[in-house]
Number of protein chains: 2
Amino acid sequence: MVPNAPEPPPLSRRERQILDIVYARANATAGEIKALMSNPPSDSAVRSSLRILEEKGHVKHKQDGARYVYLPTVPRKRASRSALRHLLHTFFDDSAEDVMAALLEVRSPDEDELARMRELIDRMRREEKDR
Amino acid sequence: MVPNAPEPPPLSRRERQILDIVYARANATAGEIKALMSNPPSDSAVRSSLRILEEKGHVKHKQDGARYVYLPTVPRKRASRSALRHLLHTFFDDSAEDVMAALLEVRSPDEDELARMRELIDRMRREEKDR
DNA sequence: AATGGTCTGCTGATTTTTCAACACTTTCGG
DNA sequence: CCGAAAGTGTTGAAAAATCAGCAGACCATT
């Protein structure tokens, strides 16, 4: 048993799928979530899973007329950093450089985006110099 | 129903945890996997899950004396690109630049690593110019 | 008011996942 | 050689996940 040892993911398969859709969209109704699924279960199955996600604290809902709009409880930014850390550790030996290489390969950014990415690095280097 | 709509993750919670450990280490015995888990189940529970992962085709084993050493069937590089794409889509609206910003924040690379990352970008820019 | 469509909440049946006990085999150390 | 430790393979029970049917509520239209 090792400190910081991985716990199993907290969400089941369907829960994970649904929460990912909610994060990708920023918010979603049950109907929207269902429409975004390939081979979706019934309406009520989607709704049951959302209710469980809410009980577990991963989403909350706002009333929109008669409908519920579901939102993630953990802000996207925070969840994204956590997911990124997990990715770094699992597949990239915690190396930022290796993720970057993969990123460039996967996304093939255009000239403008490359320039902006370069500027992010330069800005951080400047900040490190000021330290 | 939308083209490229997300499927639920193919692995259950415990399966996911175990496969992530196998990827992080490159290979592992059942005993090693168990040792790396917080609050692990019994030996035989870990082994059962590994056997199911193997039946599902996610890992294979090599015999090492009396012991099995488990390896991922999908190469780490390929799995990492797939995971990165999913991360991009779920949390970053498919923006490489946004992932980079998160990466810099999460990892706080040192001067050497920043320089190497910058060089990756510059190399890609050169390649784009040659196109 | 009646009707149809869309929604929520609940429930129990079914399926999947998780688990550990146990039998057996192999390896290691005294 | 023997016993203990470490390993594999199997199995069935318990727990968790998944599902859809259904009742009722809400909204829009006729």
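Every chain is numbered from 1 and lettered A, B, ... according to where its sequence line falls, protein lines coming before strand lines. Side chains included, hydrogens not; waters and symmetry mates left out as well; all remaining heavy atoms used.
Between the P atom of dT6(C) and the NZ atom of Lys34(A) lies a distance of 10 Å, rounded to the nearest Å. Atom CG of Leu19(B) and atom C1' of dT17(C) are 16 Å apart (whole Å). One can place CD1 of Ile52(B) at 13 Å from C1' of dA20(C), the figure rounded to the nearest angstrom. To the nearest angstrom, C1' of dA15(D) lies 11 Å from CZ of Arg13(B). One interatomic measurement links the two molecules: CG of Asp43(B) to C1' of dA5(D), which rounds to 11 Å at whole-angstrom precision. To the nearest angstrom, P of dT18(D) lies 7 Å from CZ of Arg14(A). Ile33(B) places its CD1 atom 17 Å from the P atom of dA6(D), with the value rounded to the nearest Å.
Distance from the side chain of Glu15(A) is smallest for dT18(D) among the nucleotides dC19(D), dT18(C), dT18(D). When each of dT18(C), dA21(C), dG9(C) is scored by its nearest atom to the side-chain atoms of Ser44(B), the top-ranked nucleotide is dA21(C). Comparing atom distances between the Ser12(A) side chain and each of dA20(C), dT18(D), dC10(C) picks out dT18(D) as nearest.
Map Ala30(B) and Arg51(A) each onto its nearest nucleotide of DNA chain D; the residue landing nearer the 5' end is Ala30(B).
Using a distance-only test at 3.5 Å, with no hydrogens or angles considered, no donor-acceptor pair links the side chain of Arg125(B) to the main chain of Leu120(B). When atom types are taken as modelled, the side chain of Asp64(A) and the backbone of Arg67(A) share no donor-acceptor pair closer than 3.5 angstrom.
Shown here for Ser49(A) and Arg14(A), the closest heavy-atom pair between the two residues is OG-CG, 3.8 Å.
Contact check on Asp94(B) versus Arg107(A) returns no salt bridge, with no Lys/Arg side-chain nitrogen under 4.0 Å from an Asp/Glu carboxylate oxygen. In summary, Asp20(A) and Arg16(A) engage in a salt bridge, as defined by a charged side-chain N under 4.0 Å from a carboxylate O.
Going from atom CG of Asn39(A) over to atom CD of Glu7(B) covers 6.5 Å, rounded to the nearest 0.5 Å.
Residue Ser48(B) is classed as a base contact, given a heavy-atom separation below 4.0 Å to a base.
With contacts defined as side-chain heavy-atom distances shorter than 4.5 Å, the pair Met37(A)/Ile18(A) qualifies.
For dA20(D), one of the phosphate oxygens OP1 or OP2 lies less than 4.0 angstrom from a side-chain nitrogen or oxygen of Ser42(A).
Near DNA chain D, meaning a heavy atom under 4.0 Å from it, residues 53-69 of chain B has Ala66(B), Arg67(B), Tyr68(B) in order of number.
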